[in-house]
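In what follows, a single structure is set out as structure tokens and then discussed.
The structure presented is a predicted model; accordingly, all values stated were derived computationally and were not measured.
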Amino acid sequence: MFVFAAAVPALLVVVLGYVVGFAAAEWVCDVLGADAGRAPEAAGWTTGLVLLAVVVRVLVALWRRRGAADGHQK
């Protein structure tokens, strides 16, 4: 059950990043008049994974800060 509790929010973050990255890359290709090809998909996956990495890093930093403030790390 823990796997689903961790995997579902992570998957939602990746999907959100994918949608934003895909839309942005497709818009840029349309503005430039370039053939989109696989560029929007690659940009979408990259954006999704980068967003996941940023969210995990922020959560770990907050978790460590909270532990230090409670006096657990001396």
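From Leu62, atom CG reaches atom CZ of Arg57 across 12.0 Å, with rounding to the nearest 0.5 Å.
Residues Leu16 and Leu12 form no side-chain contact, since every pair of their non-hydrogen atoms from C-beta on lies 4.5 Å or further apart.
Residue Val31 shares its hydrophobic cluster (ILVMFWY side chains chained together at separations under 4.5 Å) with Trp27, Val28, Leu32.
Both Val60 and Leu49 are assigned to one and the same hydrophobic cluster, defined by single-linkage of ILVMFWY side chains at heavy-atom distances under 4.5 Å.
Under the ring pair (Phe, Tyr, Trp, His ring centres under 6.0 Å) criterion, Phe22 pairs with Tyr18, sequence neighbours left out. The side-chain contact (heavy atoms from CB on, under 4.5 Å) search around Leu52 returns Ala10, Val13, Val14, Val56, not counting sequence neighbours. Residues satisfying the side-chain contact (heavy atoms from CB on, under 4.5 Å) criterion with Ala43, sequence neighbours excluded, are Ala25.
Between Gly37 and Pro40, the shortest heavy-atom distance links the atoms O-CD, 3.9 Å.
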